[in-house]
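In what follows, a single structure is set out as structure tokens and then discussed.
Lettering of chains follows the sequences in order, A, B, ..., and the numbering in each one begins at 1.
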Amino acid sequence: MSGVRGSQLLIPTLKDDPTDAEAISHKLLVRGGFIRQVGSGLYTYLPLGWRVMRRIDTIIREEMDTIGQEMLMPVLNPAELWQRTGRWDIEQLYKLTDSSGKHYALAMTHEECVTFHASREIRSYKELPQIWYHIQTKERDEPRPKSGILRTREFIMKDSYSLDRDEEGLEASYQRHIEVYKRIYDRCGLEYWMVESDVGMMGGLGAHEFMAPSSAGEDEVALCSSCDYAANVELARSRPRTPQFPERLDAPKQIETPGATTIEALAGQLGIDQAATAKAMVLSRDGEVVLLLVRGDDRMHELKATKALGGAYRPATPEEIVATFGAEPGSIGPVGVGARVIADETLREGQYVSGANRTGFHLLGVEAGRDYSPEFADLREVRDGEGCPDCDGTLRVERVIEIGNIFKLGTKYSAPLNATYLDESGQSQPIVMGSYGIGLARIMAAAIEQGHDDNGMIWPASIAPFQAHMVVIGDAGSEQFAIAEELEGQLTAGGTSVLFDDRDVSPGVKFADAELIGAPVRLTIGKRTVSEGTVDLQARRGREQISTSVRDAPERAQAILQEGA
RNA sequence: CGGGACGUGGCGCAGCCUGGUAGCGCACCUGCUUUGGGAGCAGGGGGUCGCGAGUUCAAAUCUCGCCGUCCCGACCA
């Protein structure tokens with residue numbers, strides 16, 4: 001084994017940030033010559049980028065092999081499989097027709113395919129449990145690819161599927177995945193959290209996500225400072241502060257509130273706490289007008305509202321509002337209305353100011369249960385600094401990149417695709433399934449988002465494209481070159497991957513590229529070090545350059561790599 | 001799908017408002033010098049200005065349409 005020569009490697013680094021890149025990982029990957037864009041949401045991994053992907057791939061494979069069996073399923077799937085599970089109509093699913101008129105889907109994930117195989121190959125409880133996985137290209141017609149490789153239309157995913165006889169078995173497979181996932185992310189040198197997540201429209205029995213903190217992320221999670229509560233804000237709960245209620249009333253009292261059409265104006269005019277008001281939002285779901293209420297100081301969370309309503313909605317038009325409530329927006333409330341009313345859980349107790357359904361008027365002392373009878377649901381968005389729902393701690397809200405997810409599917413797929421087994425008594429039972437995904441490129445991007453400085457990337461040793469970057473100042477045939485080759489041999493013999501930069505460019509270019517590419521350790525061999533019998537060694541992560549003897553250099557380089565994950 | 005921006009040698013940009021046939025930096029090629037922080041000098045190559053119509057004697061520049069890319073939002077099994 002030997003290192004890779006810089007003169008033989010495609011290293012198309014750029015001095016300037018690409019115009020259309022926003023995320024740091026996107027900028028650095030393009031600048032460092034790791035990726036190039038082919039079209040919207042479509043990227044080529046150049047040699048440097050692909051080296052990183054392969055190292056991530058290897059880590060995932062090594063860990064997954066401890067619990068599952070690797071296989072490979074096709075990207076192209078017959079339409080029928082997707083029609084049977086009802087997923088054929090998903091907009092993000094690419095559909096195509098072959099020359100004979102048959103319809104196909106480009107798989108966005110492989111529940112259908114796995115379940116198809118399970119239905120044909122699994123006969124008996126004696127063959128369960130199973131965990132099958134593959135690492136393969138996924139296709140999704142993303143409405144809006146973004147942030148470089150963070151959201152693309154084609155990407156490589158490790159997806160695994162557990163087959164169990166019952167929920168107890170599923171729970172065990174789920175736990176085994178959690179342990180394996182933690183080892184994978186630990187080995188990749190990422191900071192991450194496991195959080196409760198929404199099961200999505202596919203139902204299911206529960207789900208978690210693995211989230212890497214980064215400002216480039218698309219999701220937000222709520223984390224408790226003192227216990228292990230951690231949840232995606234899509235379903236996070238919290239203890240809101242207690243409002244300062246005005247004096248209790250035996251019945252609602254109508255008051256004139258001219259021009260007070262916002263909570264801020266209303267609370268200001270009445271001189272009360274915004275949290276002592278109820279904010280009304282009028283929505284339309286399938287043409288039905290529905291009134292949603294949250295506390296005045298809260299914001300409605302759109303996904304929570306969607307779940308409460310049972311599907312997609314739109315804001316009602318002013319005409320619909322006037323027709324339904326007999327008053328204009330800004331004076332709408334729940335008392336005496338014919339429409340469906342859904343109130344946030346915070347409104348169960350206490351008396352709130354709400355619209356009177358008479359333009360320019362509000363009601364004081366409105367009480368759920370007494371004055372109106374809503375459905376209750378969790379509708380409010382959790383905010384940074386609120387109390388933890390499980391303990392006395394405080395929640396903080398952090399932006400994150402989703403680097404993996406795990407779902408308890410139950411029989412969602414096995415039922416429609418007839419994946420069953422015979423139990424001890426000869427009864428046919430549906431297989432209980434789980435599905436588990438990791439996006440390789442997300443790991444790569446998250447590692448950069450979490451490890452970079454002004455000069456470039458700072459890779460964890462475990463997934464770096466090269467672990468050691470040798471800057472050789474001198475031509476082939478020089479004394480520097482000979483010493484560098486000797487060091488290269490020792491490093492590679494010790495299992496270290498080496499980029500031997502022998503390019504015919506100035507030293508400044510080599511140093512700049514070394515920092516951009518971000519190998520965790522850099523060795524510099526020049527005339528000066530040769531005359532002293534030394535090598536200059538530098539850890540990429542903010543460390544001073546040290547001078548060491550040629551003999552000690554490999555060992556000291558190894559030591560730096562050990563520290564760097 | 002709604003909103004915004006952009007599209008000019010490989011990359012980053014200027015020129016457009018006020019029409020007159022394209023320029024700068026980097027990169028690239030050749031030669032010489034240089035070699036511990038994105039080298040110097042000299043010479044050189046490369047662009048039907050995203051595409052299509054229109055206005056005009058004349059369009060990178062004005063008008064209309066389309067396409068592409070990015071950003072915000074919606075969406076994200």
Is a donor-acceptor contact shorter than 3.5 angstrom present between the side chain of [X] and the base of [N]?
| X | N | value |
| --- | --- | --- |
| R140(A) | rC76(B) | no |
| E515(A) | rG37(B) | yes |
| R314(A) | rG2(B) | no |

Write down the distance separating the [atom1] atoms in [N] and [M], rounded off to the nearest Å.
| N | M | atom1 | result |
| --- | --- | --- | --- |
| rU56(B) | rC28(B) | C1' | 39 Å |
| rC1(B) | rC66(B) | P | 12 Å |
| rC75(B) | rG3(B) | C1' | 16 Å |
| rU35(B) | rC71(B) | P | 45 Å |
| rC62(B) | rG7(B) | P | 12 Å |
| rU21(B) | rA5(B) | C1' | 29 Å |
| rA27(B) | rG47(B) | C1' | 15 Å |
| rU8(B) | rG2(B) | P | 25 Å |

Figure out the [atom1]/[atom2] separation between [X] and [N], and round it to whole Å.
| X | N | atom1 | atom2 | value |
| --- | --- | --- | --- | --- |
| H469(A) | rG36(B) | NE2 | C1' | 14 Å |
| E532(A) | rG36(B) | CD | P | 14 Å |
| L14(A) | rC13(B) | CG | C1' | 15 Å |
| D141(A) | rC76(B) | CG | C1' | 12 Å |
| F155(A) | rC76(B) | CZ | P | 15 Å |
| N77(A) | rA77(B) | CG | P | 18 Å |
| I11(A) | rC28(B) | CD1 | P | 13 Å |
| K138(A) | rA77(B) | NZ | P | 16 Å |

- Message: Please compare V505(A) and L516(A) by the position of their nearest nucleotide in RNA chain B and report the one closer to 5'.
- Response: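 It is V505(A), whose closest nucleotide lies nearer the 5' terminus.
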- Query: Relative to the 5' end of RNA chain B, which residue comes earlier, D475(A) or K510(A), by the nucleotide with the nearest heavy atom?
  - Reply: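 Mapping each residue to its closest nucleotide by heavy atoms, the 5'-most match is D475(A).
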Once you apply a heavy-atom cut-off of 4.0 Å, does [X] come out as touching a base, just sugar-phosphate, or nothing?
| X | answer |
| --- | --- |
| R442(A) | nothing |
| Q545(A) | base |
| R31(A) | base |
| D536(A) | base |

- Message: Is it the case that the side chains of S160(A) and H177(A) hold a donor-acceptor pair, with the cut-off being a distance below 3.5 Å and no angle test?
- Response: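 Looking only at side-chain atoms, S160(A) and H177(A) do form a donor-acceptor pair, the distance falling under 3.5 Å.
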Nearest to the [X] side chain among [options], which nucleotide is it?
| X | options | value |
| --- | --- | --- |
| M108(A) | rA77(B), rG36(B), rA27(B) | rA77(B) |
| F511(A) | rA77(B), rG38(B), rG37(B) | rG37(B) |
| D16(A) | rG37(B), rG12(B), rA77(B) | rG12(B) |

- Item | Member of R87(A), R84(A), K412(A) meeting the salt bridge (charged side-chain N to carboxylate O under 4.0 Å, His left out) criterion with E112(A) |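 So, applying the salt bridge (charged side-chain N to carboxylate O under 4.0 Å, His left out) to E112(A) and each of R87(A), R84(A), K412(A), only R87(A) qualifies.
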- Pick from R528(A), R556(A), R522(A): which one makes a salt bridge (charged side-chain N to carboxylate O under 4.0 Å, His left out) with D536(A)?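 Answer after filtering R528(A), R556(A), R522(A): R528(A).
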- Going by the angle between their ring planes, with limits at 30° and 60°, are F500(A) and F481(A) parallel, tilted or perpendicular?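 Perpendicular: the ring planes of F500(A) and F481(A) meet at over 60°.
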- Message: Below 30° counts as parallel, above 60° as perpendicular, anything between as tilted: where do the rings of H208(A) and Y174(A) land?
- Response: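 Tilted.
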- Item | Contact state string [nucleotides 69-75 of chain B, B base, S sugar-phosphate only, - no protein heavy atom under 4.0 Å] | SSBBBBB
- Query: Is the count of non-hydrogen atoms from other residues, nucleotides or ligands lying under 6.0 Å from R551(A) atom CZ greater than 12?
  - Reply: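 For R551(A), atom CZ is not crowded (no more than 12 foreign heavy atoms under 6.0 Å).
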Partner nucleotide of [N] by Watson-Crick or wobble geometry (both distances under 3.5 Å):
| N | result |
| --- | --- |
| rG12(B) | rC24(B) |
| rC17(B) | none |
| rC70(B) | rG4(B) |
| rU63(B) | rA53(B) |
| rG46(B) | none |
| rU34(B) | none |

- Message: I'd like to know if E485(A) pairs up with R5(A) as an ion pair, taking the criterion as any Lys NZ or Arg NE/NH1/NH2 lying under 4.0 Å from an Asp or Glu carboxylate oxygen.
- Response: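 Salt bridge: yes.
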- Item | K408(A) and E171(A) ion-paired at < 4.0 Å |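 Result for this pair is yes, salt bridge flagged.
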- Task: State whether F155(A) and R140(A) meet the cation-pi test: NZ (Lys) or CZ (Arg) under 6.0 Å from the six-membered ring centroid, and within 45° of the perpendicular axis.
- Result: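 No, a cation-pi geometry is absent between R140(A) and F155(A).
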- Message: Please tell me whether Y43(A) and F34(A) form a close aromatic pair, meaning their ring centres lie under 6.0 Å apart.
- Response: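 No, ring centres 6.0 Å or more apart.
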